[in-house]
Amino acid sequence: VTYYWPINMTRIKDLKVRQAINYAWPHQQLQTIRGGASTSELATTILSPVTPGYEKFDLYGTDKKPGGDPVKAKALLKEAGKVGQKLVIAYQSSDASVKSAVAIKNALEAAGFQVVNKQVDKSTFYTQIGKIDNTFDLFAAGWSPDWPGGYSVFYPCWDGKNIGDGRSNYAQLNDPSVNKAIDAASKIVDVNEANKAWGAIDRQIMELAAVVPDYHSIRNWMYG
């Protein structure tokens, strides 16, 4: 499972602002709140390392600066003329979520954003962030695909066809080149070629900074 924070593309239209959010993200602090490196691996991609097609890349310097890079983020905001940009962040009403929201607010404010945190009841959270006209810029989400493959990640969550109330394209990403690439990859018969195509789509979406990948969960199962 990959947990990530989709950025509402309908509300945050400036690429540099979305990139600044990615650079400022406090990956390491959030990992500590979850219980450390034994619980999760910091994510820089949408696909998880166990999903066919996964390609390791790190566009926003997470591996070098896991605590975030507020200087780089603020420089991007300055370039965009958006220092002081307001972000409304939705998070769930659990103990870990509350602590995470505080860490995110502190990190983003250090990078030049103005942050408003809004706690949303756990029972209605996905309904609320799944509304097209929601009033949030950023929200926690996650995706466990029905089967291990790129199609089961990118079509439901990142194809423009899946924008609608209750659908799982929470970022409301509707990029013609991404839509076209998903259509093309879904028709590739050769498994290795298809996997390469899905890995390339992962990078394509991350270049648009439509999301902040947060972590890949680590689960240990006992079996006999």
Side-chain angles (χ1 to χ4, degrees), residues 1-9 12-51 54-91 96-117 136-143 158 171 173 199-218:
V1 182
T2 300
Y3 290 90
Y4 49 73
W5 291 71
I7 298 171
N8 191 330
M9 300 285 285
I12 307 292
K13 295 184 185 296
D14 193 308
L15 173 62
K16 285 181 179 171
V17 172
R18 299 194 303 270
Q19 289 173 329
I21 295 170
N22 269 278
Y23 276 112
W25 202 255
H27 279 91
Q28 201 161 46
Q29 295 92 313
L30 298 177
Q31 186 185 56
T32 301
I33 290 165
R34 290 189 299 271
S38 63
T39 66
S40 56
E41 180 184 333
L42 304 187
T44 61
T45 60
I46 296 164
L47 286 178
S48 77
V50 296
T51 306
Y54 168 78
E55 177 199 334
K56 171 65 181 166
F57 59 87
D58 180 15
L59 298 186
Y60 301 103
T62 299
D63 291 339
K64 283 184 183 167
K65 295 193 176 178
D69 189 343
V71 175
K72 174 78 175 168
K74 193 173 261 188
L76 280 163
L77 282 183
K78 276 185 182 166
E79 281 175 35
K82 295 283 175 72
V83 174
Q85 164 92 39
K86 183 179 173 185
L87 293 176
V88 181
I89 299 181
Y91 64 98
S97 297
V98 171
K99 288 176 182 169
S100 297
V102 172
I104 292 164
K105 180 180 169 76
N106 290 343
L108 291 175
E109 287 188 338
F113 288 97
Q114 178 198 342
V115 179
V116 177
N117 280 348
F136 310 121
D137 299 306
L138 202 62
F139 17 75
W143 190 252
W158 304 100
L173 174 69
I201 290 167
D202 194 342
R203 184 183 284 269
Q204 197 177 349
I205 295 169
M206 285 311 303
E207 283 171 354
L208 293 169
V211 59
V212 183
D214 196 359
Y215 67 97
H216 308 298
S217 57
I218 295 173

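- Among residue pairs with one or both ends in residues 32-41, those qualifying as side-chain hydrogen bond (donor to acceptor under 3.5 Å, both in side chains) are Arg34-Ser40; sequence neighbours excluded.
- Shown here for Ile33 and Ala103, the closest heavy-atom pair between the two residues is CD1-CB, 4.1 Å.
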Can I get a per-line list of side-chain donor-acceptor pairs under 3.5 Å for residues 104-111, giving both atom names and the distance, sequence neighbours left out?
unit_1: Lys105; atom_1: NZ; unit_2: Glu109; atom_2: OE2; d: 3.2
unit_1: Lys105; atom_1: NZ; unit_2: Val115; atom_2: O; d: 2.6
unit_1: Asn106; atom_1: ND2; unit_2: Val102; atom_2: O; d: 3.4
unit_1: Glu109; atom_1: OE2; unit_2: Val115; atom_2: N; d: 3.3

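- Here CG of Leu42 is found 7.5 Å from CG of Asp63. Values are rounded to the nearest 0.5 Å.
- Side chains of Phe139 and Pro6 form a contact here, defined as non-hydrogen atoms less than 4.5 Å apart.
- For Tyr23, the ring pair (Phe, Tyr, Trp, His ring centres under 6.0 Å) test picks out Tyr60, with sequence neighbours left out.
- Atom OG1 of Thr44 and atom NE2 of His27 lie 7.5 Å apart (nearest 0.5 Å).
- Remark: side-chain polar atoms of Arg18 are paired, donor with acceptor, to backbone N or O of Lys13 under 3.5 angstrom.
- The closest side-chain heavy-atom distance from Pro213 to Thr45 is not below 4.5 Å.
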Evaluate Gln85 against Ile12 for side chain to side chain contact (heavy atoms under 4.5 Å, CB included), listing each step before the verdict.
CA-CA 10 Å; Gln85 164 92 39; Ile12 307 292; 3.8 Å; yes
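- Considering every non-hydrogen atom in both Lys74 and Val83, the closest pair reads O-CG2, 4.4 Å.
- In this structure Tyr4 satisfies the ring pair (Phe, Tyr, Trp, His ring centres under 6.0 Å) test together with Trp158, sequence neighbours excluded.
- When all heavy atoms of Ala20 and Leu76 are compared, the closest pair comes out as N-CD1, 4.0 Å.
- Within the structure, salt bridge (charged side-chain N to carboxylate O under 4.0 Å, His left out) contacts touching residues 202-213 (residues at least two apart or in different chains) are Glu55-Arg203.
- Separating the CG atom in Leu77 from the NZ atom in Lys72 is a distance of 12.0 Å, to the nearest 0.5 Å.
- Around NZ of Lys56, the count of heavy atoms belonging to other residues, nucleotides or ligands within 6.0 Å exceeds 12.
- We find the CG-CD1 distance between Leu59 and Ile205 to be 12.0 Å, quoted to the nearest 0.5 Å.
- Expressed to the nearest 0.5 Å, how far CD1 of Ile89 lies from CZ of Phe113 amounts to 9.0 Å.
- Of the possible polar contacts, none joining the Asp214 side chain to the Ala43 backbone as a donor-acceptor pair under 3.5 Å is found.
- In terms of heavy atoms, Leu173 sits closest to Ala210 at CD1-CB, 4.3 Å.
- Partner Trp5 forms a ring-ring contact (aromatic ring centres under 6.0 Å, His included) with one of Trp25, Tyr91, Phe136 and no other, that one being Trp25.
- To the nearest 0.5 Å, the span separating CG on Asp69 from CG on Asn22 amounts to 12.0 Å.
- Side-chain atoms of Asp137 never come within 3.5 Å of backbone atoms of Asn8 as a donor-acceptor pair (strictly under, hydrogens ignored).
- Partners of Tyr3 according to the ring pair (Phe, Tyr, Trp, His ring centres under 6.0 Å) rule, which considers only residues two or more places apart in sequence or in another chain, are Tyr215.
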Run the side chain to side chain contact (heavy atoms under 4.5 Å, CB included) test on Met206 and Ile46 for me, step by step, so that the C-alpha distance in whole Å, both residues' side-chain angles and the decisive distance to 0.1 Å come before the verdict.
CA-CA 8 Å; Met206 285 311 303; Ile46 296 164; 4.1 Å; yes
